[in-house]
Amino acid sequence: MTQLAVDVRSLTHSYGDFKALDNVSLAVPNGAYTVLLGPSGSGKTTLLSVLGGFLVPQQGEVLIEGRDMTSVVPAKRPTTTMFQDYALFPHMSIADNVAFGLRMRGVGKKERLTKAMEMLSLVGLADEKSKKPHQLSGGQRQRVALARALAVDPVVLLLDEPLGALDLKLRRQMQSELKAIQREVGTTFVHVTHDQEEAMAIGDEIVVMNKGRIEDLGPPERVYLKPSSRFSAGFMGQSSFVSGTVVSQDPQTLQIDTVFGRLRVPTREQIYSAGSAVVLSMRPEHLVLGTPSAINLSLGTATIRDVTFQGAHHLAKLQHLDASGLELTAQVPQSGHPQVGMEVQVSIHPDHLVILKD
Ligand SMILES: Nc1ncnc2c1ncn2[C@@H]1O[C@H](COP(=O)(O)OP(=O)(O)OP(=O)(O)O)[C@@H](O)[C@H]1O
């Protein structure tokens, strides 16, 4: 049985009247790269602070490798936290910065410098060992902070917006480096970000947070393709939403009334009762413009209202002709030449239609 690196149970924490964490439970398997994703104020940093021991929750428990750590101070936990500003010591060499945590733990000089060099090699900075932090680029400083955090062999490394200070290009590059380093060392990483692309690029598991609660949790592909709530669908990229009411479900077909008529969807694992209010969520790349194929569900006809060039494709805003005011967003390949004012038929493959409880 895989032991859990982190097991938090029913965490609740308020600042005054404001509930920053509302009954949060989360299990992180050993060796996983977990990303806490959510908008500003959703409780990500509060949760990370509880894991790192900087905040004792008002309710709930934190277990690390099965041991209760709820009230244990940060220095006595098998966790280290890497903050966004890296907090490197400016007067110390890179090697001494990396060895610092080991020095605090009483590790001898020879051993700690050997470990520091091992960690600097891991992050590709062995040649810079004698430099001071100000002689390095932002990306290099970030790697030093990572080497320092890993030097003490934590069970869990907690990263709070670790790439927030980097420009976009470097940020994307560091994402793959972080992931590669995590795979190599096998340490459990819990990483906070509000950047959906970063979460998808890096996480084995994404935890989508909203208003102090976990809205969705799973591998990136699952959370993107089959989000489990409207919030999660909207936060993990673009989606068009359409309300519907379930008419019936039999072994073959789920029937839903929507503004563009009755949709007959091959039946789902989930059983819907007649009269249930649902929301249909559709990703732009799943909306098909042009004559629908036999298997696709027809969503009627729409007018293209706006087209934006996105490099690899166009994004078209569509206004539905039959359903007043309904807007859909569709991705159109460059070869599609979408033009404002064009009337197009819209359809979707049933497997791409996400049906959520309203
Ligand atoms: N020490 C504090 N005192 C009062 N309110 C706080 C405190 N720390 C956080 N909050 C509030 O709790 C909420 C959750 O904060 P938290 O920092 O956990 O969110 P977050 O998801 O990490 O947001 P961000 O991405 O902006 O850092 C926010 O509304 C914040 O204003």
Side-chain angles (χ1 to χ4, degrees), residues 6-28 32-62 64 69-74 77 79-87 138 142 145-146 149 156-168 170-172 174-175 178 188-218 220 223-224 227-237:
V6 175
D7 186 5
V8 301
R9 299 176 183 170
S10 311
L11 289 182
T12 295
H13 194 84
S14 302
Y15 301 108
D17 289 343
F18 182 81
K19 240 184 210 180
L21 293 178
D22 185 3
N23 197 22
V24 167
S25 296
L26 175 67
V28 178
Y33 201 131
T34 296
V35 178
L36 306 181
L37 172 71
S40 184
S42 55
K44 310 178 295 290
T45 301
T46 303
L47 177 54
L48 205 73
S49 306
V50 170
L51 298 183
F54 299 98
L55 188 67
V56 177
Q58 288 148 351
Q59 283 175 46
E61 290 179 306
V62 178
I64 305 212
M69 292 279 145
T70 316
S71 311
V72 175
V73 296
R77 293 188 181 213
T79 55
T80 45
T81 301
M82 199 176 116
F83 297 99
Q84 192 188 98
D85 61 4
Y86 317 145
Q142 200 268 351
L146 180 64
V156 185
L157 178 60
L158 305 167
L159 306 103
D160 194 1
E161 293 274 2
L163 309 178
L166 307 178
D167 66 51
L168 192 63
L170 190 53
R171 197 177 168 123
R172 298 286 175 247
M174 287 305 301
Q175 286 165 6
L178 263 181
T188 307
F189 279 28
V190 180
H191 173 135
V192 161
T193 185
H194 59 266
D195 176 345
Q196 302 87 314
E197 280 187 41
E198 181 163 308
M200 285 195 267
I202 259 183
D204 298 320
E205 290 252 292
I206 298 183
V207 180
V208 181
M209 295 191 67
N210 181 33
K211 297 183 179 162
R213 303 183 76 106
I214 294 179
E215 284 267 347
D216 205 349
L217 186 161
V223 174
Y224 182 81
S228 57
S229 75
R230 182 177 177 144
F231 175 86
S232 176
F235 197 71
M236 283 285 282

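First listed ligand is number 1; within each ligand, the first listed atom is number 1.
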Quiz prompt | Amino acids contacting ligand 1, non-hydrogen cut-off under 4.0 Å | solution = Tyr15, Phe18, Ala20, Pro39, Ser40, Gly41, Ser42, Gly43, Lys44, Thr45, Thr46
Quiz item: Taking only residues two or more places apart in sequence or in another chain, which ones pass side chain to side chain contact (heavy atoms under 4.5 Å, CB included) with Tyr15?
Solution: His13, Ala20, Thr46, Leu55
Quiz item: For Arg9, which residues count as a salt bridge (Lys or Arg N to Asp or Glu O under 4.0 Å) partner, sequence neighbours excluded?
Solution: Asp7, Glu61
Quiz item: Residues two or more places apart in sequence or in another chain: which of them pass salt bridge (Lys or Arg N to Asp or Glu O under 4.0 Å) with Glu198?
Solution: Arg171
Quiz item: What's the shortest heavy-atom distance between Gln142 and Leu163, and which atoms?
Solution: NE2-CD2, 3.3 Å
Practice problem: Quick one: sort the Tyr33 and His191 rings into parallel, tilted or perpendicular, breaks at 30° and 60°. | Solution: tilted
Quiz prompt | NZ/NE/NH1/NH2 to OD/OE distance under 4.0 Å, Arg172 and Glu197 | solution = yes
